[in-house]
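Keep in mind it's a predicted model, so treat the numbers as computed, not measured. All heavy atoms count here, side chains included; hydrogens, waters and symmetry mates do not.
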Amino acid sequence: MKTYRALSALLTYPSMDLQAAVPEIWQTLSDEGSLKSGELAKLEPLLRDLENGDIFDLQERYVLQFDRARTLSLNLFEHIHGESRDRGGAMVDLLETYRAGGFDLVGPELPDHLPVLLEFLSTQTPEQAREILADAGHILVALAERLARRESVYAPVLAALVTLAQVDTSPEAEALLSEKDDDPEDLEALDAVWEEAMVTFGLDPNAGCPISRDILAKMDMPAAPRTSAPGQM
């Protein structure tokens, strides 16, 4: 399903390559028909912003939302395990799932980075992809709600993923939503959070802006074996 790859692209760090790929992303989402017309319409503001916005403004907004607010982190295990050592075991399980599915993880992003997971799902059958995505359903629901509260243009992307996963609000999602949202403008509070001991699993995508992939080229490629792995989330 190229829809997963297109949504993955929309959640990557804004780049000039991404801006150039917006028409192809829109065409993919429209042609494949995995999303309803109403869901596609809600994605238009983000697509317009990405295509026409000032690249530095787009990058600043992305960092403010996803890198400086841990409750909006796109690293899925962050919401469950934080920086505890349990996260390491979950990463290993995820990598095993990726490898079993013929997906080769490349680049600096961690295995639980949502755009990485979505790229993996684009190589699987629709049913396999839905089942794996549903494992992270409670996190997606929480992210979608938090972004909607902030009236973020990224909220419809997470809402679309919730629909594709066919999940509803659950006790697990409610538990995540009961946590106080980080305020990315409260630098003192954020410094206190990030001073906690951190566990490193490899190259850290938070140690700088994620490296943008050649999205347009990947969308034109047939689904080919790669490597990476999701465990239960």
N/O donor to acceptor pairs below 3.5 angstrom from side-chain atoms of residues 45-53, sequence neighbours left out:
{"unit_1": "D49", "atom_1": "OD2", "unit_2": "R61", "atom_2": "NH1", "d": "2.9"}
{"unit_1": "N52", "atom_1": "ND2", "unit_2": "R48", "atom_2": "O", "d": "3.3"}

Check side chain to side chain contact (heavy atoms under 4.5 Å, CB included) between [X] and all other residues, then give those that pass, not counting sequence neighbours.
X: D31; answer: Q27
X: A159; answer: none
X: S34; answer: M1, T3, E32, L164

Please round to the nearest 0.5 Å and tell me the distance separating atom [atom1] of [X] and atom [atom2] of [Y].
X: T97; Y: I132; atom1: OG1; atom2: CD1; result: 6.5 Å
X: H138; Y: L143; atom1: NE2; atom2: CG; result: 10.0 Å
X: T12; Y: L74; atom1: OG1; atom2: CG; result: 10.0 Å

[X]: side chain to side chain donor-acceptor pair (under 3.5 Å) partners, not counting sequence neighbours:
X: E44; answer: none
X: T163; answer: E39
X: E145; answer: R149

Close side-chain approach of [X] to [Y], heavy-atom, < 4.5 Å:
X: L140; Y: V167; value: no
X: Y62; Y: Q59; value: no
X: V116; Y: P111; value: no
X: T28; Y: R5; value: no
X: L35; Y: L43; value: yes

Got a donor-acceptor contact below 3.5 angstrom from the [X] side chain to the [Y] backbone?
X: Y4; Y: L161; answer: no
X: S122; Y: E119; answer: yes
X: D54; Y: D57; answer: yes

With side chain to side chain donor-acceptor pair (under 3.5 Å) as the rule and sequence neighbours excluded, what pairs involving residues 125-134 come up? T125-Q128
Start with the C-alpha gap between L147 and Q65, add the side-chain angles, then the distance that decides, and say whether side chain to side chain contact (heavy atoms under 4.5 Å, CB included) holds. CA-CA 9 Å; L147 288 169; Q65 288 195 8; 3.7 Å; yes
Any residue meeting ring pair (Phe, Tyr, Trp, His ring centres under 6.0 Å) with Y154, in chain and number order, not counting sequence neighbours: F66
Among L76, I139, V157, which residue meets the side-chain contact (heavy atoms from CB on, under 4.5 Å) test with L114? L76
